[in-house]
Undergrad: 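The structure that follows is given in the form of structure tokens.
Order of the sequence lines fixes the chain letters, A, B, ..., with proteins taken first and strands second; residue numbering starts at 1 for each chain.
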2 protein chains.
Amino acid sequence: MGRTHNNISNLPKSKSHCLGPAGSAAQVKAGIAALAGRWKIEILFALMSHDGPCRYSMLERDIDGISQKMLAQQLRELERDGLIFRQIYPEIPPKVEYSLSESGSALREPLRALKILGQTLQQQDNDKAQEAEK
Amino acid sequence: MGRTHNNISNLPKSKSHCLGPAGSAAQVKAGIAALAGRWKIEILFALMSHDGPCRYSMLERDIDGISQKMLAQQLRELERDGLIFRQIYPEIPPKVEYSLSESGSALREPLRALKILGQTLQQQDNDKAQEAEK
DNA sequence: CAGAATCCATGCGGATACTG
DNA sequence: CAGTATCCGCATGGATTCTG
């Protein structure tokens with residue numbers, strides 16, 4: 001499987017001189033960092049597509065190839081960043097439901113924009129691959 | 001300094017059944033991956049703020065803490081992904097100018113959205129830090 | 001000036017096993 | 001069911017040196 005790792009969280013010094021282009025970059029990077037986990041996007045898309053609370057096991061089934069460690073970890077990060085909610089039902093057997101917060105839902109549009117970019121990139125890749133084959 | 005690595009480029013199998021939420025996720029991830037380098041955002045912001053062609057050495061000065069290797073590498077990736085242009089002037093001494101492509105400029109708005117998210121996150125961090133200090 | 005090349009530390013993310 | 005715990009490979013990015 002492809003690559004691993006990919007950094008984003010930078011904030012060189014970020015002394016909160018928060019108005020220059022540098023400060024803006026830091027905030028954008030903070031925003032991207034919140035989405036930059038190996039599985040964050042897939043989790044968000046799973047939640048968006050189901051459009052209601054999802055149980056842990058359901059996410060595990062929906063997201064192909066994710067390990068329990070990663071699912072739990074990225075879920076906690078998304079929760080920490082306020083993008084999703086986590087509702088625990090103290091039952092036996094245990095039940096936990098995840099849902100999008102408002103911040104999370106607010107990402108639908110930006111994500112669409114990034115999807116456009118992604119499509120363009122894939123298109124370019126295909127073009128170049130075809131050329132190379134000639 | 002903080003972390004290293006951070007994956008994004010996933011595409012578990014991505015058999016181009018490109019219409020389900022899974023396919024969308026893959027494309028969004030491709031888009032994010034294009035921005036997910038340690039310095040990509042800062043480079044783009046540097047180009048955006050200067051709003052005209054920038055020379056290599058100017059970027060090196062503007063972006064605090066970046067190494068030559070990283071600058072050159074991420075510039076090539078951005079160029080490969082069609083986000084920036086690279087204009088070489090065969091002079092002595094050498095001169096190379098980088099500028100935003102249309103795809104790159106198209107990111108201004110999405111980046112603003114991500115900046116909003118980043119601001120929210122930083123705000124939350126500050127709030128929690130304050131509470132913790134009490 | 002604008003890189004290319006090399007070496008190396010860090011830590012993300014995968015796999016597997018275990019638990020309340 | 002919904003996680004936690006542990007071990008480990010290896011890509012990523014940093015520092016430094018060399019070059020056309």
Undergrad: Give the rounded distance in Å between these two atoms: CD of A:Glu60 and P of D:dA2.
TA: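 Atom CD in A:Glu60 sits about 9 Å away from atom P in D:dA2.
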Undergrad: To the closest 0.5 Å, what do you measure between CG (A:Leu35) and CD (A:Gln74)?
TA: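 So the CG of A:Leu35 and the CD of A:Gln74 are separated by 11.0 Å.
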Undergrad: Among D:dC1, D:dG3, D:dG14, which nucleotide sits nearest the side chain of B:Trp39?
TA: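 The answer is D:dG14.
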Undergrad: Which part of the nucleic acid, if any, lies within reach of A:Tyr98 when heavy atoms closer than 4.0 Å are counted: base, sugar-phosphate only, or nothing?
TA: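 Contact class for A:Tyr98: sugar-phosphate only.
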Undergrad: Within the 4.0 Å heavy-atom criterion, would you say B:Glu97 contacts the bases, only the backbone, or no part of the nucleic acid?
TA: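 It contacts nothing in the nucleic acid.
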Undergrad: Roughly how many Å is it from CZ in A:Arg86 to C1' in D:dG3, rounded to a whole number?
TA: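 After rounding, the gap between these two atoms is 8 Å.
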Undergrad: Can you tell me which nucleotide in C:dG13, C:dA2, D:dT4 comes closest to the side chain of A:Ala72?
TA: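 Of C:dG13, C:dA2, D:dT4, D:dT4 is nearest to the side chain of A:Ala72.
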Undergrad: Rounded to the nearest Å, what distance is computed from the CD1 atom of residue A:Ile63 to the C1' atom of nucleotide D:dA2?
TA: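 So the two atoms are 15 Å apart, to the nearest Å.
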Undergrad: State whether B:Glu79 and B:Arg76 are salt-bridged, where the test is any N-O pair (Lys NZ or Arg NE/NH1/NH2 against Asp/Glu carboxylate O) under 4.0 Å.
TA: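 Here B:Glu79 does not pair with B:Arg76 in a salt bridge, since their nearest N and O are not under 4.0 Å apart.
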Undergrad: Expressed as a whole number of angstroms, how long is the span from B:Leu75:CG to C:dA2:P?
TA: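 It is 11 Å, rounded to the nearest whole Å.
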Undergrad: Check whether any side-chain N or O of B:Arg55 sits under 4.0 Å from OP1 or OP2 of C:dA2, and answer yes or no.
TA: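 Indeed, a polar side-chain atom of B:Arg55 lies that close.
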Undergrad: Give the rounded distance in Å between these two atoms: CD1 of A:Ile88 and C1' of C:dG20.
TA: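 Value for this atom pair: 13 Å.
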Undergrad: Mind checking A:Ser67 for me? I need base, sugar-phosphate or nothing, with any heavy atom below 4.0 Å counting as a touch.
TA: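 No contact.
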Undergrad: Which is more 5' along DNA chain C, the nucleotide nearest A:Pro94 or the one nearest A:Gln68? Just name the residue.
TA: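 That would be A:Gln68.
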Undergrad: May I ask you to verify if any side-chain N or O of B:Arg76 is less than 4.0 angstrom from the OP1 or OP2 atom of C:dA4?
TA: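 For C:dA4, OP1/OP2 do have a side-chain N/O of B:Arg76 under 4.0 Å.
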Undergrad: Between the main-chain N or O of B:Trp39 and the side-chain N or O of A:Lys29, is there a donor-acceptor pair closer than 3.5 Å?
TA: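 The answer is no, because no donor-acceptor pair under 3.5 Å joins these two groups.
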Undergrad: Please figure out whether A:Tyr56 or B:Gln73 has its closest DNA chain D nucleotide nearer the 5' end.
TA: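 On the 5' side of the pair lies A:Tyr56.
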Undergrad: Please confirm whether the shortest side-chain N or O distance from A:Ser57 to OP1 or OP2 of D:dA2 is below 4.0 Å.
TA: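 Yes, within the criterion.
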Undergrad: Cut-off 3.5 Å, side chains only: do A:Gln87 and A:Glu97 have a donor facing an acceptor?
TA: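 Distance-only check fails for A:Gln87 and A:Glu97.
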Undergrad: Check this one for me: any side-chain N or O of B:Arg38 less than 4.0 Å away from OP1 or OP2 of D:dT12?
TA: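 The answer is no; no side-chain N or O of B:Arg38 sits under 4.0 Å from OP1 or OP2.
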Undergrad: Could you please name the option among D:dG3, D:dT4, C:dA2 that lies closest to any side-chain atom of A:Val96?
TA: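 Selected nucleotide: D:dG3.
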Undergrad: Using whole Å, report how far CG of B:Asp62 lies from C1' of C:dA2.
TA: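 To the nearest whole Å, that distance equals 16 Å.
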Undergrad: Please determine whether residues A:Met58 and A:Leu71 belong to a single hydrophobic cluster, defined as Ile, Leu, Val, Met, Phe, Trp and Tyr linked transitively by side-chain heavy-atom distances below 4.5 Å.
TA: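 No; tracing contacts between hydrophobic side chains, which count when under 4.5 Å, never links both residues.
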Undergrad: Any idea which of C:dA4, D:dG13, C:dG14 is nearest the B:Gln74 side chain?
TA: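 Looking only at side-chain atoms, B:Gln74 lies closest to D:dG13.
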Undergrad: Could you tell me how far apart B:Met70 (CE) and C:dA9 (C1') are, to the nearest whole angstrom?
TA: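 So the two atoms are 14 Å apart, to the nearest Å.
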Undergrad: When we call it a touch if two heavy atoms are under 4.0 Å apart, what does B:Lys69 touch: a base, just sugar-phosphate, or nothing?
TA: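 B:Lys69: base contact, heavy atoms under 4.0 Å.
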Undergrad: Is any side-chain N of the basic residue among B:Glu77 and B:Arg80 closer than 4.0 Å to the acidic one's carboxylate O?
TA: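 No, this pair does not count.
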Undergrad: Calculate the interatomic distance between B:Lys29 atom NZ and C:dG13 atom C1'; express it in whole Å.
TA: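 Rounding to the nearest Å, NZ of B:Lys29 and C1' of C:dG13 are 12 Å apart.
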